[in-house]
Every structure is written in structure tokens, then in C-alpha cells.
There are 2 protein chains.
Amino acid sequence: MAPTDPTAQISTVTYQELADIESEFEDFNVELVRQQAVSERSLYERRAALLRKIAGFWPIALEQAPPEVDQYIQPADAGVLMASLEEIEVTRFEVISGKDNASTLPNGDPRSFSIRFTFAENDVFDDRVLEKRFWYRHAPLKEAKAGDKKATPATDSWSGLVSEPVAIQWKKGKDLTGGLLDLAVKVYKEGEKGNSAADLATKLSKTPVGGMSFFAWFGYVGRRISAEESKTAVAQKREQRAARAAKRAKGEAEAEEESAEDDEDEDDEEEEDYEHEIFAEGDVVALGLAEDFYPNAIKYFRQAQEQETLSDIDFEDAGDDFEDDDDEDEDEEDAPPSKKQRT
Amino acid sequence: MAPTDPTAQISTVTYQELADIESEFEDFNVELVRQQAVSERSLYERRAALLRKIAGFWPIALEQAPPEVDQYIQPADAGVLMASLEEIEVTRFEVISGKDNASTLPNGDPRSFSIRFTFAENDVFDDRVLEKRFWYRHAPLKEAKAGDKKATPATDSWSGLVSEPVAIQWKKGKDLTGGLLDLAVKVYKEGEKGNSAADLATKLSKTPVGGMSFFAWFGYVGRRISAEESKTAVAQKREQRAARAAKRAKGEAEAEEESAEDDEDEDDEEEEDYEHEIFAEGDVVALGLAEDFYPNAIKYFRQAQEQETLSDIDFEDAGDDFEDDDDEDEDEEDAPPSKKQRT
């Protein structure tokens, strides 16, 4: 029996039920990631101890970084990474380090993480450690306007990773971002109305597309959502969900609810991005590092070794190595980690 | 301090340690997937009950299936799916249904799953249920030949999904695979030496690349590895790992171990694929369905609705809808589920 008119069957109530069961799956998965983050800690510590025995492990692995990371590593970036990157460490800090007032969830959100790069002394910057934190936050819910028939249900608001710019102590004349990162840090501190904001806008407009240094990623902000706003949004969403569940349990209709119009919601999202972003895809790069590159680092290291025997590696040519790996990306798609494990 | 000669630092022992800690991560993740499979069961049951209230949910969601699935859905396939697909269900059967003698792991492997399609009566085949099972198996370890300096360490052997062909009761003249699936079932039963095998080879050589029906996927076999072979391989790998760990604990060198040469290993893998495979990427499609499409089905359904208001859907044109969705795939990459959740 073919369905003849599906629209007739999908009521507003059913839409809300779909959204609510998705939220339950979401909550379930967050708890799972929390357990995982806590219990895999000791494994990662043992791995780190082992990797420290292999000189150049992280720069070599990084040659085969997944495309969403690799595409932003310019030859000059690759030079300093190859010559001095000693370690990368990802920490789900909200669930690891105990009570964190900046967390949206009472026991910490396992989707928040920090990425910490440790460097040897080098001739580009003075920092030995560069650490960037990402918080998983929920945007404040919008009030439905009276008479607005097409208002987005409040349950559909945005959530994702936000961050703060991290300054780098460049050596004289060595700033790989050409001053952009310094300006981004200033604008973030001073607010978006000052002179630095205008300077940054001008500078950004002159930066060629695709020419941005990987180190500009440390300037990523994302949406400006405070911890408090995020906590309030989550509490409101939970209340609304509970109220709907209670109504459903009593069998009441929800005729007053508006129907879901995701398109409008997405339009709104575009408008709310941080205006002085110097690295628009900063959250995508962060996820690529934290959820793919870091857990699969040994796999990427092995791939880099398969590509070229180690004896051929010339650290002077590191820049080229970072660029020439389109083929390997394809290989990787043929054999995703979950499909073919080596045990 | 830049590393000068990394090769000097990477001993055979260190390679083995890398492989062994990867195995520990693997074991850890398998346990996590097991817990997840067991505890999310009731959520999926509630979701299924809800989705049954929405006529056409699964065919509509399937319009937005991830590319690794979508690319194999031909217009004729889309026609029967649109007109009669009622439900899709994925079950991690080894960990759900208790004792399973065909399982590699004592408590069942959570990476094994079945995909069950339920259909309304239709004019293409008589079956109301088509169910395909995938077992996660480990290939037998190869003995290192005496004097073979470059032998692959046994720990690097292949593991992945294998299956058995599932017959479809086509209505007269309606076989969407043009007889290929029937032949594949026959060859699997009779062995690869018979007449059917020769017929299948001839037929396969005449099938245009990219023209294969999605329903040929039911014929996928993968490697022919028995449950016993898989159990033995896992037991051997664990023994070897334990022996190495014991040696390391005693501080003994392992000079007798061969060094890892993955390239050779991968060459071997190519040779061992099932020779009469009618759907080479069957495991990739299965993973796309089980690990992406099925858990995110509501998201895909919503995307399909955003693409076209439901009132415009003409079920006669279903074939076209399945083809014209390149744009949406790109959108999806911009917003992976883990980055942007709606709660």
C-alpha cells in the first residue's frame, strides 16, 4: 500500500515528538561520550608516554592529517610544525578536571575540549605551549513574536563550539598571520566598536582567500555565547520538552504550537556569526583534530611512513610533503577506521 | 630541538608497542559500542513506534541518504523503494539476542549487525521482508615463512564485515539485477568451481560499471571467513600480544620479531577478496546504512522535507528525486551531526 498523501499524516505534534526523541538520543550520546572521555584517559596517557619515545611522531602524523585540517597548513606553517612540534594533546577538560563553572551541564559537557600544542624552541615564536579551548554552547532561545505564524520553535536553536582567541608571541618579523591574530585578540578584548575592529576588517578584506596561515586558527571565536546564556538555553529547552512530554502523556493536543520551519532557522543562524572572525572554519578544524586526527594519530603516522620511507624525509622539504597528499585522502575513504581495524 | 634522524629512534619493539596500544584502544571501543548497543535499544524501539505514525518516513529519508548509499540507488530501485518500503531496522544481533555460536567474541561482537527492510506488497518481488546479516570477522593469521625477512607480523591481519547472499523472489520479468543476484546465491551454495560460477563471471563482465541495481547489494559476500577461523585468529592475536607485553614487562628485547611492512600486507589483502563478488562495496554501503543513515534517520527525513515541500512530491517521479541530491550532500558536510545538534 503506497502512501498517498503524507502531509495529511504529519501533524505539528508529530514534528515535536520527532525533535524530542532526537533530543533523547542526543542526551544518551553525550553521556556515552562522557563515560568514554573518563575511562579512556589512562589509555591516552600510556599512548603519550610511548609516542614521546618516537622523535618526530606528531609532525610526521600531521603530514597525513585529514583534509579538513590539512587544507589550512601552508608551507610556512609546515616548516615550523616539522621543525619544532613536540606534542599534541586533546583534553575533554569539563569532565576531566572536576567542577567547572563555565560548563553548560552540571557534570561538565564532554563535547568541550582543549587542544594543546607543545613546541621546542624555534625561530618563529617564543611560546613553548599553545593551547586553545572550545566550549560546547547553546544559543539563547528566541522569543516567538506574537502573530508570527512561521516562528521557529524554540527547540531548534543553534548549538556548537565556541572559543576565545589565543595570542602568539611572534619573534620579530616572523608573524605568520601578518598581524591578523594580534588584531583578533585585541578586538575580542576591546569589543567590536573600537579602532582595532576597523583595522581588522580592512586587513581581512586584503587577505587572499586560501592564503591564511594555520596559526590564524588560534584566533577563532565562533558565536559569542556566554556560559550563563548557554545554561539558561539548555534549562529552557529541557522545561519545554518536559512540558510537551507531560501533555502527550495526558493525551492533550498542542494546537497552539507553531510548525517547524527549519529553513528560517538556518537563515537566522547565518546572521548571528561573530563578525570579526579571522578563521571561519575554526570549529571544523577543531573537530577534525579532536575527533579524527588525535584518536587515530597512530594510523596517520603509519600512513605517512607508508608514503615515503623515513630515510627519504628531508625536513627542508616539509612544506611540500604537507601539500601533496590528495591521493592518501582518497585511500583513507576507502578504508574507514571502523571498517578495517588492525588488532 | 629538531629531530635529526627519526629512523634511529624507531625500533621494531616500538612498532609492536604502537600496534599493541592500538589494539587496546580497539578493545576499549568495542566494549563501548557493546554498551551503547544494549542501552540504546529501548530508545530505538520508541523511535520505531513513532516513525510508524508517519507514512512514507523511510522512503522520504532515503532520498537524502549519505552518498556511499545514494550512489547505488538507480531510478528503478527508487521506484520500488518509494512505493513500498515500510521500515528499516538495524540490529546488533550478536549482543542483543544472547548466545551466538557464530560470534568471534565470547559475549558477541557489537560490530556485527543485520539490516532488515520491510516492504508493502509490490509488483517487483514477493518478499515482505529482506534481511541481510553482516558478521565482523578476522582473517586467519599467515604463518611467517622461514627466512622471509620481510614477513608481515601476524598481528596486522585483516578484519572487517563479511556476509552471505540473500535471495529475492522476483516477480516474473521484474528482476532488477537481471539474474545476477540469483546466480550469486547459486555460486555461494554450489562453490566457485561449478557452471554457475562461469555464468556469473560472464554476466558480471557484461554489466556496465555504475549500472548495478541497489538490490544486487543483497548478494555481497566479502571475504569467506568462517566463525571458527575468526575465533582462532583473535585468540592467536591475543596470545601474541600477551606474550609481547610479558616480555616488555621483563625488559627483554624482541630482536627475533620481524619489522612491520604494511604495504605487503595490503597487497595480500587484495588477493584474498571473494572472487565472485557482485557488489564490491557491499560493506561500505552496509556501514553507511548502519552507522550513519539509520542513527540519523530523522535528520535525513528533515533534510528531505527542507528540499521540497511535501505537497510537491510526486511519487511517480521518485526516481529523479533520488538522483538530484548532490547539493544536499555538500550541505551535510558543512554541518556534521557532532558539530551542530538540534536539541
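What you are looking at is a predicted structure, and each value in this text was computed from that prediction instead of being measured. Numbered from 1 within each chain, the chains take letters A, B, ... in sequence-line order.
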Distance-minimising heavy-atom pair for L50(B) and L18(A): CD2-N, 3.8 Å
F25(A) CZ to N296(B) CG distance, which is reported to the nearest 0.5 Å: 10.0 Å
Region of N29(A) in contact with chain B, defined by heavy-atom distances below 4.5 Å: side chain
Under 4.5 Å from any heavy atom of chain B - which part of F28(A): side chain
Heavy-atom proximity to chain B below 4.5 Å, by part of F119(A): neither
Non-hydrogen side-chain atoms of E22(B) and K299(A) separated by less than 4.5 Å: yes
Residue part contacting chain B, namely of Q35(A), when any heavy atom lies under 4.5 Å: side chain
Stepwise salt bridge (Lys or Arg N to Asp or Glu O under 4.0 Å) test for E24(A) and R46(B): CA-CA 11 Å; E24(A) 286 193 63; R46(B) 282 170 47 216; 2.4 Å; yes
Engaged part of L43(A) at the chain B interface, taking heavy atoms whose separation is under 4.5 Å: both
Criterion salt bridge (Lys or Arg N to Asp or Glu O under 4.0 Å) on E17(A) and K53(B), from CA distance to verdict: CA-CA 11 Å; E17(A) 283 187 87; K53(B) 294 201 267 175; 3.3 Å; yes
Chain B contact via L85(A) - which portion, at a heavy-atom distance below 4.5 Å: neither
Shortest non-hydrogen contact between Q36(A) and L32(B), atoms and distance: CD-CD2, 3.4 Å
